[in-house]
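Scope of the values below: all heavy atoms of this structure, side chains included, with no hydrogens, waters or symmetry mates. Numbering starts at 1 and runs along the sequence shown.
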Amino acid sequence: MPGTSDETEHFARPVGTIARPWRDELARRLDALGSLGRHERDVLLDAGHQALLRSLHAKLSRLFLIELHALRLADGGEQDASAARDSTATWDAFIERACEEGYLAQLADRYPTLNYRVAEVARLSVAAVAGFAERLGADRALLSPLLGAPAGELRAVEFGAGDSHRGGLTVTRADFACGTVMYKPRPSEADVALGALLDDLFADLPEAPAPDQRIRVPRTLPRDGYGWAEFIGHRYCADEAELGVFYRNIGHWLAVLRFTGGTDMHAENMIAAGPVPVIVDAETLFDAPAPFPPSGRGDAVDVAATAIRRTVLRTGLLPVRGTGFALGGVDISGIGALPGQQPLIPHPVIADGGTGAARFEVGLVAMPVAGNHPAATPVLATYWDRVLAGFREMTAHLRRPGVDPYRLLRRFEGVRARRILRPTQAYVDIGRMLWHPASLYDEAAAVERARDILRRNADVLPGAPTDRAPIDAEIADLLLGDVPMCGFTVDTSAVRATVEDWRTADLAFEESVIQDALVGAYLNERSLPPRVQATTREPHARDRERRRRALAAQMVRRLCDGAVRGQDGTVTWISPVFTPAGWSIRVLPADLYTGQGGVALTLAEYASEVRAGRADEVPGVAEVFEGALRVLLATEDKTPTPSAGAFSGAASQVWTWLALHRVLGEDRLLERAAERASLLTEGPLIDDDIEVDLLNGAAGAIVPLLDLAAATGKADWLDAAAHVGRRLTGLAVIDAAGARWPTRLNPEGIGGFAHGATGIGWALARLALTDAGTGAERRDWSRLAAQAFAYQESLYRPGDGNWLDVRVGAEEDFFTSWCHGSAGVGIGMLDLHRRTGDPGHLDMARRAATACAAEGFGWSHTLCHGDLGLWEFLTSMGHGDRAQLDGEILTGLEQRGPVGGLAREAFSPSLMSGLAGVLHTLLRMHPAADLPNPLLLD
């Protein structure tokens, strides 16, 4: 970010002054240790001092900025921001003042506890470094087995690896003359026990990997309350053979961690040492997921959520996206966290540092890269079968006749383990709040606020502390900059509970979760693995109607059979779902794209076609629909709606209820659509939207609001749509190429229908054709839509006969999909041509049809990015022989079965990327069918 720097860079001098007495104290304590040489004491002194400086910088920089501006205002300094930005006088004066001895004491009236808290942080930091030095001196001779030779002189130390706990204690790297070891200021017996378990398991595993190619933990020297561990260096696999071994080993780890109740094995806890994934921190074992209270969404949702929480997902190895503010969309998993597949994350920076206008801002930075990857550009999809094979192999080995799981796990009894009660990021955010100047000014109020946040956090996170005493203990740690840590001793009951949970696991479901989790590693189809086109063999349209009906009946049975049913009659599904934060395995949310809304609508469509005589009766469909509808209603009422979008947000809910009203004709459904539309007029979903696009963002609200206005005859909904048009006008970037819209996932602005300029332009053009807004606004929207289409045209490459996909990291330059390719461009342009007669729109639609027909079928059976969207567009255009187009879809489904998107073999019930979309298309294939078209929100 231009004009910004890391928040800890500018205040080095005053922080150095504050830390100087503590550096002297550390020097005195180190000098008292006769077991260390002079150079070693200097190494420790410098490393310890630097660690304290970093800690104090992070805690005090906000306070320094506040005091800087107080000085500027008190001295009658520059009031104008631009003038302040050009001046360094106020900054220089403040730095000089802050470097005075006793400066913090001068602030005691404003920040009563500041001096004490800074002193406590410094005291604990000094004690931690001195304690490490004492243990090093006592244990140096014992480290030879970890190093392969006597340690020799200490050459370098790096404090602060990971979070600090229990009084500033951190994992520490120590470099000796003959190698490196890691110091862990916690009991290490769990690492030893896990290593011994692995030795037992591989001793008689059929076709076991070579000893140097199997999973392991670092060699560990446990001491009283702490330990030393072998340093594991990261290296990429040398070739394809090693990559295959690595991913088989990941499957072995999943099986072992599922057996031992392991959690929190995120990217920083695993090192890829060539073909060997090494777990370097095994303290979170024997996890017992706390039961969640009823969700209020129905028994089916609770059953499904419980099933997910029990699976290998909780190990932390498999890709999963964060949902909080700071880590929204971020994947920190052991084998995920893929380069190029991470959103930028908020990070504190100082803008205009060195001037009187210096201020705190939150910038966006890339996630740091860990050492968990076996290749510079890992492609999980290529090796997913190896992961499954490894999981099956080790699980079968553990479950073979004669194996006593209690004997295998009894070695852990008496060891200390850690339980993760709250996400670390929650602690980080609250800790940052407690060091804000406002909190230092009124610490009692800040502590009470922290109590309230932690209590409310426990409401949605069962197992987290709710009583005053443990919450106050958490806050006490946070006040000193530590992340609270909960430990427990593994006993017989913990072992028995873990064995019982493992014995009763649904292994088929576990395997499907492993496979489905692949989707979570990819963010909004960005940098996808190469797509594979599988041409249908001898497609034909003979006996079309019988085949269509038979396939539709087969798909609806699969949809019903894959449901999770509650004792109260509610119904839902577990699937990879798409959210603005990316893909993750969840109980279905309420939306249209991968959610409950799209599935419920498709079931209603099937029942409607049965009544019309165009589909075969299948027992149970009505009951599943009713149960799914109940969950949809409750999910909308009980869970936050994440965005405005037409496929993932509030507008998707509006359109779903309108579509259900069209299919079923019940007035209550239209009333429900209006209720959900209030989200688009009351609250921040439009005004604070950063998604912008049709699928996730504000642009997606326009057409559902227009549909609602037409269905109800109420002009209020036109006013709401006009408000969205004004918002999109203000967000447009216009240059010589045309108009485009930067979004969170595509900050450069792109073309295409679902996420880019064509879809946004289409929505504006639709808005301009109504009575919404003023006449001048409608003309402006029409012009802006034309500029959006001009931008799309700037991407057209005549030699390739298609529009360029300009997403950063896209594996292919051209797509024919609805979401990012020519099918979406064509569908939007054809719709506008039919409404306006504009020959330019028809020309674009015809070129799109030519591009789609040239590439042909054989991708996935999805509406969003596969053959079904292609079929919808080409049949709408009348491009090609209709019978032949039907035959492509029917024969492809008969030969390959329904093939999904990213997780090609995974079960997905969804409308836009899964089984419901297949069923919907088969129903629309009948010439007399008149069903809603989600691709056009029609």
Side-chain donor-acceptor pair under 3.5 Å between [X] and [Y], yes or no?
{"X": "D591", "Y": "S648", "value": "no"}
{"X": "S643", "Y": "E691", "value": "no"}
{"X": "H540", "Y": "R547", "value": "yes"}
{"X": "Q596", "Y": "T572", "value": "yes"}
{"X": "E793", "Y": "W803", "value": "yes"}
{"X": "D886", "Y": "W871", "value": "yes"}

Testing the basics here: between [X] and [Y], what is the closest heavy-atom pair and its distance to 0.1 Å?
{"X": "A651", "Y": "A701", "value": "CB-CA, 3.6 Å"}
{"X": "P747", "Y": "P742", "value": "O-CB, 3.3 Å"}
{"X": "T602", "Y": "L923", "value": "O-CD1, 4.4 Å"}
{"X": "L764", "Y": "A785", "value": "CB-CB, 4.2 Å"}
{"X": "P898", "Y": "V918", "value": "CB-CG2, 4.1 Å"}
{"X": "G869", "Y": "A823", "value": "O-CB, 4.5 Å"}

Does the [X] side chain pair with the main chain of [Y], one donor and one acceptor, at a distance under 3.5 Å?
{"X": "W384", "Y": "I514", "answer": "yes"}
{"X": "W573", "Y": "L559", "answer": "yes"}
{"X": "Q792", "Y": "G752", "answer": "yes"}
{"X": "D693", "Y": "A699", "answer": "no"}
{"X": "R557", "Y": "V618", "answer": "no"}
{"X": "D867", "Y": "G858", "answer": "yes"}
{"X": "T921", "Y": "G917", "answer": "yes"}

Next item on the list: Before accepting this row, confirm whether a basic side-chain N of the pair D780/R783 lies closer than 4.0 Å to the acidic partner's carboxylate O.
Entry: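 Salt bridge between D780 and R783, a charged N being under 4.0 Å from a carboxylate O: yes.
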Notebook entry, point to check: With the threshold set at 4.0 Å, does a side-chain nitrogen-carboxylate oxygen contact exist between R672 and E666?
Noted result: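 Answer for the salt bridge query: no.
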Distance flag, aromatic centroids of [Y] and [X], threshold under 6.0 Å:
{"X": "W818", "Y": "F873", "result": "no"}
{"X": "H755", "Y": "H820", "result": "yes"}
{"X": "H841", "Y": "F789", "result": "yes"}

With the side chain counted from C-beta on, respond yes when [X] and [Y] share a heavy-atom pair under 4.5 Å apart, and no when they do not.
{"X": "P932", "Y": "V663", "result": "yes"}
{"X": "Y791", "Y": "I734", "result": "no"}
{"X": "L588", "Y": "T594", "result": "no"}
{"X": "S860", "Y": "H865", "result": "yes"}
{"X": "L694", "Y": "I760", "result": "no"}
{"X": "L601", "Y": "W655", "result": "yes"}
{"X": "R614", "Y": "R548", "result": "yes"}
{"X": "W762", "Y": "V703", "result": "yes"}

Next item on the list: Could you list the residues that satisfy salt bridge (Lys or Arg N to Asp or Glu O under 4.0 Å) with E511, not counting sequence neighbours?
Entry: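 Salt bridge (Lys or Arg N to Asp or Glu O under 4.0 Å) check on E511 returns R392.
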Next item on the list: Answer yes or no: are there more than 12 heavy-atom neighbours, outside R549 itself, under 6.0 Å from its atom CZ?
Entry: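 Enclosed.
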Check: Could R847 and Y796 be counted as a cation-pi pair, given that NZ or CZ must be under 6.0 Å from the ring centre and within 45° of the axis?
Finding: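 Checked: cation-pi criterion met.
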Note to self: Before you tell me yes or no, could you show the steps for D707 and W717 under side chain to side chain contact (heavy atoms under 4.5 Å, CB included), namely the whole-Å CA-CA distance, both residues' side-chain angles and the distance that decides it to 0.1 Å?
What the structure shows: CA-CA 9 Å; D707 292 342; W717 304 121; over 6 Å; no
